[in-house]
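As structure tokens, the structure follows; a few thoughts come after it.
Throughout, a chain's letter reflects where its sequence line sits, starting with A, and its residues are numbered from 1.
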Amino acid sequence: MADAQHIAHLFAMSLAGVLSDEDKQELDAWINASDDHRLFADEVNDREVFLSDLQTLQPGYLSDREQQTLARIKAELFPEREIKYSMHRIHFLKTTWFRYAAAIILIFGIGAYLWNTQQKAKPLITSTKPVPVKNDVLPGGQKATLTLSDGKKIELNNAASETITDGSLSINNNNGQLVYGQTGRGEINGSVVQQRDNGKIAYNTMSTPSGGQYQVILPDGTKVWLNAVSSITYPTVFTDENRTVTINGELYFEVAKNIHKPFIVKVANQQITVLGTEFNVNAYTDEPVLKTSLIEGSVRVGSQVLKPGEACINGKVFITNIEQDVAWKKGVFSFSQADIKTVMRQIARWYDVQVKFVGELPTGKLTGKIDRNLTLIEVLDLLSQSKFKYTLEKKVLTIFPANTSK
Amino acid sequence: MKQEEINIHEDWAADLRNSDEAAFDKIYAHFYQRLFAMARRFVSDPADAEDMVAESFIRLWKEREHQKDWSAISIFLHVNVKHRCFDWLRHQRQRTKHQDRLVQLLESNADDLETNLVRLELFRLINEAIDRLPGEKMKEILLMTYRDGLKPSEIAQQLHISVQTVKNQRVKAVKLLREAFAHQPPLLALLALLEWTS
């Protein structure tokens with residue numbers, strides 16, 4: 001006997017029009033195995049029959065019915081007891097049917113059918129506007145702080161375009177992106193001005209807070225994306241024989257090609273040397289390891305040379321899941337066999353919340369992707385799945401074991 | 001089926017024979033939904049379908065001493081409900097073609113245990129998918145389109161958003177739902193295809 005859940009899943013895919021050939025064979029075999037199976041398949045494909053069944057097979061409806069019917073049964077079996085239940089037959093709420101039937105038809109792409117049969121009757125229950133959930137936390141956004149060479153700090157937001165000046169240098173801030181003059185030189189009146197102050201090179205620092213992300217285009221044209229709780233310090237002009245920057249946190253680089261000036265990333269006590277390439281560095285101090293992943297080009301991490309698709313951790317080079325390493329840049333959380341603490345660290349940084357664990361840690365490893373644009377509660381509801389419970393108060397997220405009674 | 005599950009079920013069966021009401025309640029909770037789903041397949045009036053299930057459980061209690069084991073209880077309930085459905089169908093004055101086929105099925109005494117479970121599971125998957133549509137806005141737009149029959153311009157007006165947003169949200173919702181169904185292993189959450197393995 002085939003697994004009922006598996007067959008149901010095949011039917012679902014079939015209805016949605018996404019059944020593979022192999023699966024179709026399997027489903028057809030099941031359907032042809034008996035008259036009963038054949039009849040069922042016809043019911044599923046007969047919209048009217050299927051939808052009329054759907055009316056009553058909704059969880060809320062079923063559980064209500066279940067309770068009331070039990071009360072009725074007891075009242076009949078044990079009349080001497082005083083059991084309350086509603087005597088009259090409960091009339092079926094048409095709106096409930098439409099609600100689900102409509103959505104189903106939508107999934108199965110037969111909207112035309114519904115247009116034909118739907119009466120313009122007013123629903124019994126008027127739709128209410130969705131209520132925003134209290135205490136929910138919005139996802140992170142474009143937020144960063146720019147520290148100029150004289151130490152002055154400027155808040156960068158997703159506001160309209162603005163120009164920031166640092167000495168004689170002009171920097172454009174626009175839509176989550178900070179752009180330095182492409183030549184890497186400040187220009188005033190057509191002549192090159194070196195940003196030197198007492199012979200020292202001027203540095204700027206961009207840093208993102210918890211719940212922030214930003215992008216900067218460095219003076220040489222290198223593009224850098226900063227994840228939350230990250231920073232990068234760089235000279236306002238690359239005048240040295242190298243292009244050296246210092247970082248913290250998680251950053252994605254698209255380094256501008258310049259064979260004559262190697263691009264060097266300093267992080268913790270490591271050094272990554274780059275030649276025109278794309279790579280990601282995960283150097284959060286609260287993550288167990290520092291990971292550099294290469295997408296394109298070539299980098300040398302310490303003494304190890306990486307090829308695209310490889311990553312370096314603690315001097316060891318191995319093939320990595322690049323999609324996952326750079327998922328954050330594409331606006332997605334991506335987990336692969338991640339334990340709950342790892343998951344929550346990322347959540348904490350993006351939603352700017354503090355995470356606490358009470359009681360036994362939920363076991364289990366998470367694999368999958370979540371859109372970073374969801375609100376915190378939306379994400380938690382997707383994550384928890386009977387693996388844990390949580391409370392969210394102000395900016396503190398507390399995780400409890402699933403079997404905690406509230 | 002795990003050994004523990006089998007043991008528990010046989011315990012319930014034994015307790016039922018000993019007139020343990022708690023065991024009856026557990027048996028009820030175990031079978032109610034699939035029996036109701038089965039009855040609904042044959043009987044178009046949900047209230048009638050419910051009556052049939054209720055009557056069968058009442059019968060079960062009254063004949064509790066004769067229930068040999070778990071399997072006997074399961075068969076008893078299913079057969080009982082089906083007989084009532086059969087009677088109900090035969091008493092329908094005008095049957096549809098589909099109902100004729102249902103009568104045939106009942107007469108053939110086919111074992112439809114598996115089909116019932118498949119049905120139940122399929123509806124559960126669908127309900128779950130809809131429920132997991134992200135954001136109230138998307139759900140609201142879908143419902144307003146299909147439940148209330150509103151045009152995108154009308155929806156846009158009511159929700160104070162642009163017509164394009166309405167259209168985009170609809171397209172997105174359908175895509176998400178299809179995607180959700182398209183992935184192995186079994187359907188889980190939309191947007192996030194999450195699986196905990198322990």
Report the C-alpha separation of A/H9 and B/E121 in whole Å, then their side-chain angles, then the decisive distance to 0.1 Å, and conclude whether the side chain to side chain contact (heavy atoms under 4.5 Å, CB included) test is met. CA-CA 8 Å; A/H9 191 239; B/E121 181 64 15; over 6 Å; no
Of all heavy-atom pairs between [X] and [Y], which one has the smallest distance, and what is that distance?
X	Y	answer
A/D35	B/L105	C-CD1, 4.4 Å
A/F40	B/R41	N-NH2, 3.4 Å
A/A8	B/V118	CB-O, 3.6 Å
A/A4	B/L117	CB-CB, 3.7 Å

Salt bridge flag under 4.0 Å for residues A/D42 and B/K97: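 No.
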Could you tell me which portion of B/A29 (side chain, backbone, both or neither) has an atom closer than 4.5 angstrom to a non-hydrogen atom of chain A?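 Both parts, backbone and side chain.
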Quick one: are A/Q68 and B/E50 in side-chain contact, heavy atoms under 4.5 Å?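 Not touching, per the 4.5 Å side-chain cut-off.
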Within the 4.5 Å heavy-atom criterion, are A/R72 and B/I58 side-chain neighbours or not?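 Contact flag for A/R72/B/I58 side chains = no.
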Kindly compute the distance separating [atom1] ([X]) from [atom2] ([Y]), expressed to the nearest 0.5 Å.
X	Y	atom1	atom2	value
B/D112	A/L39	CG	CG	10.0 Å
A/T69	B/F36	OG1	CZ	7.5 Å
B/W61	A/F78	CH2	CZ	4.5 Å
B/R119	A/E43	CZ	CD	6.0 Å
B/F24	A/L70	CZ	CG	6.5 Å

Under a 4.5 Å cutoff for heavy-atom pairs, which residue among B/Q104, B/R101, B/K62, B/E55 has the most contacts with chain A?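 Top option by heavy-atom pairs under 4.5 Å: B/R101.
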Using modelled atom types and a 3.5 Å cut-off, is there a donor and acceptor pairing between side-chain atoms of B/Y28 and backbone atoms of A/E66?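 Yes; judged by distance alone, with no hydrogens or angles, the pair exists.
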Could you go through the side chain to side chain contact (heavy atoms under 4.5 Å, CB included) check for B/D25 and A/K74 one step at a time? CA-CA 10 Å; B/D25 290 352; A/K74 297 296 179 89; 2.8 Å; yes
Please flag which part of A/S34 lies under 4.5 Å from any non-hydrogen atom of chain B: side chain, backbone, both or neither.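 No part of A/S34 comes within 4.5 Å of chain B.
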What part of A/L77 is in contact with chain B, defined as an atom under 4.5 angstrom from a non-hydrogen atom: side chain, backbone, both or neither?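 Interface part for A/L77: side chain.
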